[in-house]
Amino acid sequence: MPIHERMYMGKEETFLIDIEQILKEKAGSKAQYIPRFFISYLKRIIHQDEVNEVLRRAAGKEGVPFLKSCMDDLGVKIRVEGEENLPQEGLCTFVSNHPLGGLDGISLGWLLGTHYDGKIKYIVNDLLMNLKGLAPLCIPVNKTGGQSRALPQMIEEGFRSDNHIIMFPAGICSRKIHGVIQDVAWQKVFVTKSIETHRQIVPIHFGGRNSDFFYRLANISKALGIKFNIAMLYLADELFKNKNKTFIVKIGKPIPAHTLDKSRTATEWAAYIRELVYKL
């Protein structure tokens, strides 16, 4: 679920979003000059009140039950095709396209976590660690912060654990590229680590999309050379636009690690598996 840089401990002893508190901490004494209409706008686009209600109702739940609570609150359902392709033996790396940036992660975590009795780990943005209910399932990634030095070891430990790994190799949610909604190029780490740890790679296609506004904003930001991911601020808004929908999840046949040979580089294998996902 999309969250915003930090959450605070509220009176009800659950983590809640407080935009005004975040701005005060980030801007210091200058926060008093931030227009009220701008603060109100931020609260609206991140759906502060609605997100906090979801978090309150999920209080005390962790892992897969937390994900289930979120799905129920948001009225999200999934229809699974190819569930028979989920391996019953051996460890897996599940890789998926990332069309939504929130509900797809929640839904796949619930599906795979339920099937494998909670033995799953996401490799995700470290901001999600603020969600106490989700944190036990996460290997946090912050490529720009001080944690970056420890990142290779954290990923290594995740792949060498007895948990299945869930990854969105694009790293960001899908964009509209040449008029088609699709992921950017996939990063190769899921290939190299799956080979090293002898994991099967299971391709998954998650059907869904965000709004045209989201894609236009992302493309305009890129064209202007803006490094900050402005579109990310609207992921909560996109999440609530997708409430009460049913999404189709297609699971492909597992790919044994030993078949990923020297005929292709790891980057080429990643691109090949990305193609397989979009053919599902």
Test log, rule side-chain contact (heavy atoms from CB on, under 4.5 Å), inputs I78 and L108: CA-CA 9 Å; I78 56 174; L108 289 181; over 6 Å; no
Please report the interatomic distance [atom1]([X]) to [atom2]([Y]), rounded to the nearest 0.5 Å.
X	Y	atom1	atom2	result
K119	L112	NZ	CG	14.5 Å
N163	L137	CG	CG	9.0 Å
H47	L235	NE2	CG	11.0 Å
F214	I230	CZ	CD1	11.5 Å

What closest approach, in Å, do [X] and [Y] show between heavy atoms, and which atom pair accounts for it?
X	Y	result
K61	P65	CD-O, 4.0 Å
D183	S174	OD1-OG, 2.6 Å
V76	S107	CG1-OG, 3.8 Å
P87	Q200	CB-NE2, 3.6 Å
D73	E53	OD2-O, 4.3 Å
G109	L67	C-CD1, 3.4 Å

Are side-chain N/O atoms of D104 and H98 paired as donor and acceptor at under 3.5 Å? yes
Would you say [atom1] of [X] has more than 12 non-hydrogen atoms from neighbouring residues, nucleotides or ligands within 6.0 angstrom?
X	atom1	value
D212	CG	yes
F213	CZ	yes
K43	NZ	yes
K241	NZ	yes

Under 3.5 Å, is there a donor-acceptor pair between the side chain of [X] and the main chain of [Y]?
X	Y	answer
E238	S211	yes
S221	L217	yes
R175	C173	yes
Q88	L86	yes
S69	F66	no

Identify each donor-acceptor pair in which a side-chain atom of residues 249-261 lies under 3.5 Å from a protein atom, sequence neighbours left out, and give them as a table.
residue: T259; atom: OG1; partner: P256; partner atom: O; Å: 2.7
residue: D261; atom: OD1; partner: S263; partner atom: N; Å: 3.0
residue: D261; atom: OD1; partner: S263; partner atom: OG; Å: 2.4

Could you check whether any side-chain heavy atom of [X] comes within less than 4.5 Å of a side-chain heavy atom of [Y], counting everything from C-beta outward?
X	Y	value
I204	I166	no
R56	N52	yes
F159	I123	yes
R216	K176	no
H115	E83	yes
F190	I273	yes
Q182	R274	yes
I165	R199	yes

Take T197 and L91 through the side-chain contact (heavy atoms from CB on, under 4.5 Å) test and state the conclusion after the steps. CA-CA 9 Å; T197 55; L91 291 172; over 6 Å; no
Hydrophobic clustering (ILVMFWY, side-chain heavy atoms < 4.5 Å, transitive) - are [Y] and [X] grouped together?
X	Y	result
V51	Y41	yes
F247	W110	yes
L280	W186	no
F206	Y278	no
Y234	L224	yes

What about the rings of F94 and Y116, do their centers lie closer together than 6.0 Å?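 Centroid distance F94-Y116: below 6.0 Å, so yes.
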Which residues end up grouped with V184 if you chain together Ile, Leu, Val, Met, Phe, Trp and Tyr wherever their side-chain heavy atoms are less than 4.5 Å apart?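 Members other than V184 - counting any ILVMFWY side chain reachable under 4.5 Å - are I172, I177.
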What verdict does the side-chain contact (heavy atoms from CB on, under 4.5 Å) test give for I106 and M71, after you've listed the backbone C-alpha separation in whole Å, the side-chain angles of each residue and the deciding distance to 0.1 Å? CA-CA 7 Å; I106 292 171; M71 289 184 67; 3.5 Å; yes
Applying side-chain contact (heavy atoms from CB on, under 4.5 Å) to V189 and M167, what does each step give before you reach the verdict? CA-CA 10 Å; V189 66; M167 292 187 69; 3.6 Å; yes
